[in-house]
Amino acid sequence: MGFILSLIIGGIVGWLASKVMKTDAQMGVIANVLVGIVGSLLGFWLAGLLGFAVFGAFARLLVSVAGAALLIFILQKLGLFKKTG
């Protein structure tokens with residue numbers, strides 16, 4: 001059950017980040033899930049490096065979306081996504 005929940009939350013986080021970064025038209029469900037999961041890991045890793053402790057569901061969501069948006073930004077610079085709109 002935890003694995004399925006991780007996929008669902010990863011998809012939501014990836015979708016929200018793709019909306020923020022304006023790459024939603026280029027990303028499908030699988031890309032949203034992958035970006036959401038990897039971006040969440042990146043966000044929490046960076047928050048830990050910077051000394052931030054994340055408490056509460058809303059703060060966790062913000063860190064996850066910020067990490068996923070950062071991952072999309074990096075992927076854009078590598079030429080994998082282009083900003084639309």
Side-chain angles (χ1 to χ4, degrees):
M1 185 67 175
F3 178 72
I4 293 172
L5 190 60
S6 294
L7 292 177
I8 292 169
I9 293 173
I12 293 169
V13 167
W15 175 74
L16 288 171
S18 70
K19 287 291 193 184
V20 169
M21 297 300 290
K22 296 180 177 39
T23 59
D24 188 48
Q26 302 169 45
M27 295 176 61
V29 173
I30 294 173
N32 280 336
V33 170
L34 290 174
V35 165
I37 291 172
V38 175
S40 289
L41 292 172
L42 177 65
F44 281 101
W45 179 71
L46 286 174
L49 279 179
L50 296 172
F52 293 111
V54 182
F55 297 105
F58 186 71
R60 289 178 186 265
L61 180 66
L62 284 178
V63 168
S64 295
V65 172
L70 176 62
L71 180 61
I72 291 173
F73 176 78
I74 292 168
L75 293 174
Q76 283 177 333
K77 294 301 175 189
L78 294 174
L80 295 174
F81 291 122
K82 293 184 177 158
K83 195 174 197 174
T84 58

Would you list the pairs meeting side chain to side chain donor-acceptor pair (under 3.5 Å) in which at least one residue belongs to [range], sequence neighbours left out?
{"range": "residues 4-14", "value": "none"}
{"range": "residues 62-71", "value": "S40-S64"}
{"range": "residues 65-75", "value": "none"}

Item to check | Remaining members of hydrophobic cluster (4.5 Å side-chain criterion), F52 | outcome: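 F52 clusters with L50.
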Checklist entry - For I9, which fellow cluster members are found when Ile, Leu, Val, Met, Phe, Trp and Tyr are connected by side-chain heavy-atom distances below 4.5 angstrom, either directly or through intermediates? => result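 Its cluster partners, ordered by chain and number, are I4, L5, I8, I12, V13, W15, L16, L61, V65.
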Item to check | Under the side-chain contact (heavy atoms from CB on, under 4.5 Å) test, residues paired with V54 that sit two or more places apart | outcome: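 If we apply the side-chain contact (heavy atoms from CB on, under 4.5 Å) test to V54, skipping adjacent residues, the hits are F44, A47, A59, R60, V63.
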Checklist entry - Considering residues at least two apart in sequence or located in another chain, which fulfil the side-chain contact (heavy atoms from CB on, under 4.5 Å) criterion with L46? => result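 Residues passing side-chain contact (heavy atoms from CB on, under 4.5 Å) with L46: L42, L49, L70.
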Checklist entry - Which pair of non-hydrogen atoms, one from A69 and one from A17, has the smallest distance, and what is that distance? => result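 Minimum heavy-atom separation between A69 and A17: N-CB, 3.6 Å.
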Would you be so kind as to tabulate the donor-acceptor pairs closer than 3.5 Å made by side chains of residues 28-36, with sequence neighbours excluded?
from	atom 1	to	atom 2	distance (Å)
N32	ND2	G28	O	3.4

Checklist entry - Are L62 and L71 connected in a single hydrophobic cluster, I mean Ile/Leu/Val/Met/Phe/Trp/Tyr linked by side-chain heavy atoms less than 4.5 Å apart? => result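 As far as the 4.5 Å side-chain criterion goes, L62 and L71 are not connected within one cluster.
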Checklist entry - Applying the 4.5 Å side-chain criterion to the ILVMFWY set and letting contacts propagate, would F58 and F55 be lumped into a single cluster? => result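 In one cluster: no.
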